[in-house]
Amino acid sequence: MSLSPRNELETLLAAVHAGEVGPEAFVARLLDLQVFMPIKDEKHQIAGFQASTQAEPLIVEVEDGQHVMILFSAPERAKLFLTQFPGYSGGLLTDFAWILRRMADDMGIALNPGEEDGFDFDAEMIAMMASLLPDEQ
C-alpha cells in the first residue's frame, strides 16, 4: 500500500506497520471497521440483483493446507489481485465483525494480500478476535 491511506482502516494498518499502534489496540479498532470482501459473480446476472442468498467469498488454500479468506481495505485495492481469480469481480463492503461471526473455525484471513501494508491473521488469531465480539442483538 505505497499509496496514501484512503480510509480509517488503511490509516490503522499504516500505524500498525509503523509500530505506532499495538496488537490489542489494532484488533479492538479493526472490529468496528469495514472491509471489502470479494465475492464470486453469478452467471446470467441482472444488474444490481443477486439471485442466491449466499455470497461466495474468495478463499484460497496456502502452502500448509490452511484456508484463507481474502479481504481488502477498499475495493480499489482488490483490482490487481483479483485479476488472478476470474469470476470474482464483485464484492461487498461489510463490517469486519460481521465476517468474523460467520467464518469457519479453522480459517485465516489475508487483508490486502501482496500489499506492503497488508496483514495476515491465522486461525488462532481469528478465534481470539471472534471471542472479543459482543453478542448480537
Side-chain angles (χ1 to χ4, degrees):
M1 224 186 293
S2 48
L3 305 172
S4 59
R6 299 175 186 204
N7 56 39
E8 191 177 345
L9 175 53
E10 293 182 2
T11 301
L12 179 61
L13 284 167
V16 166
H17 284 287
E20 299 164 3
V21 173
E24 294 84 9
F26 171 60
V27 168
R29 288 178 55 196
L30 179 62
L31 294 176
D32 294 325
L33 297 177
Q34 283 198 328
V35 292
F36 176 73
M37 179 174 70
I39 56 174
K40 191 167 195 121
D41 294 333
E42 297 183 5
K43 293 183 171 123
H44 314 297
Q45 63 189 71
I46 300 169
F49 177 78
Q50 183 171 337
S52 72
T53 58
Q54 295 291 324
E56 187 180 328
L58 177 55
I59 298 172
V60 297
E61 188 173 328
V62 292
E63 306 86 43
D64 61 3
Q66 182 176 355
H67 290 89
V68 176
M69 181 182 294
I70 306 298
L71 299 175
F72 294 91
S73 56
E76 306 81 50
R77 301 281 185 213
K79 287 180 181 170
L80 182 61
F81 185 87
L82 293 179
T83 60
Q84 304 167 58
F85 298 92
Y88 282 92
S89 59
L92 61 103
L93 280 171
T94 189
D95 294 333
F96 190 76
W98 183 87
I99 292 171
L100 280 181
R101 284 189 170 95
R102 288 152 180 85
M103 285 186 63
D105 291 336
D106 58 347
M107 189 177 296
I109 287 178
L111 179 59
N112 292 339
E115 295 282 337
E116 186 178 309
D117 286 352
F119 204 91
D120 292 334
F121 302 89
D122 62 23
E124 292 79 27
M125 189 180 255
I126 295 297
M128 182 274 301
M129 290 190 308
S131 72
L132 298 175
L133 293 172
D135 292 334
E136 283 189 289
Q137 271 82 9

Smallest separation among heavy atoms of [X] and [Y], with atom names:
{"X": "Ile109", "Y": "Leu71", "answer": "CG2-CD1, 3.7 Å"}
{"X": "Glu10", "Y": "Ala74", "answer": "OE2-CB, 3.7 Å"}
{"X": "Pro57", "Y": "Met69", "answer": "CG-CE, 4.1 Å"}

Say whether [X] and [Y] are linked into one hydrophobic cluster, either directly or through other cluster members, by side-chain heavy-atom distances under 4.5 angstrom.
{"X": "Leu13", "Y": "Met37", "answer": "yes"}
{"X": "Ile70", "Y": "Leu100", "answer": "no"}
{"X": "Phe72", "Y": "Leu12", "answer": "no"}
{"X": "Ile99", "Y": "Leu111", "answer": "yes"}
{"X": "Leu133", "Y": "Trp98", "answer": "yes"}

Q. So, the side chain of Asn7 versus the backbone of Ser73: is there a donor-acceptor pair under 3.5 Å, distance only?
A.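 Yes.
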Q: For the residue pair Leu9 and Phe96, establish whether any side-chain heavy-atom pair is separated by less than 4.5 Å.
A: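 With C-beta onward as the side chain, the pair stays apart.
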Gap separating the [atom1] atom of [X] from the [atom2] atom of [Y], nearest 0.5 angstrom:
{"X": "Leu30", "Y": "Asp95", "atom1": "CG", "atom2": "CG", "answer": "10.5 Å"}
{"X": "Ser89", "Y": "Leu82", "atom1": "OG", "atom2": "CG", "answer": "8.0 Å"}
{"X": "Ile59", "Y": "His67", "atom1": "CD1", "atom2": "NE2", "answer": "7.5 Å"}

Q) Who passes salt bridge (charged side-chain N to carboxylate O under 4.0 Å, His left out) against Glu76, sequence neighbours left out? A)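 Only Arg6 meet the salt bridge (charged side-chain N to carboxylate O under 4.0 Å, His left out) criterion with Glu76.
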For [X], enumerate each residue passing the side chain to side chain contact (heavy atoms under 4.5 Å, CB included) test, keeping only those at least two apart in sequence or located in another chain.
{"X": "Leu93", "answer": "Gln34, Phe36, Pro75"}
{"X": "Asp64", "answer": "Val62, Gln66"}
{"X": "Glu20", "answer": "Ala15, Ala18"}
{"X": "Asp32", "answer": "none"}

**Q.** Under the side-chain hydrogen bond (donor to acceptor under 3.5 Å, both in side chains) test, residues paired with Thr11 that sit two or more places apart
**A.**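 In terms of side-chain hydrogen bond (donor to acceptor under 3.5 Å, both in side chains), with neighbours along the sequence ignored, Thr11 is linked to no residue.
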Name every donor-acceptor pair, under 3.5 Å, that has one atom in a side chain of residues 119-130 and the other anywhere in the protein, sequence neighbours excluded.
| residue | atom | partner | partner atom | Å |
| --- | --- | --- | --- | --- |
| Asp122 | OD1 | Glu124 | N | 3.2 |
| Asp122 | OD1 | Met125 | N | 2.8 |

Q.
Under the rule for ring-ring contact (aromatic ring centres under 6.0 Å, His included), what residues qualify as partners of Tyr88, not counting sequence neighbours?
A.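 Once residues adjacent in sequence are excluded, Tyr88 has no partner under the ring-ring contact (aromatic ring centres under 6.0 Å, His included) criterion.
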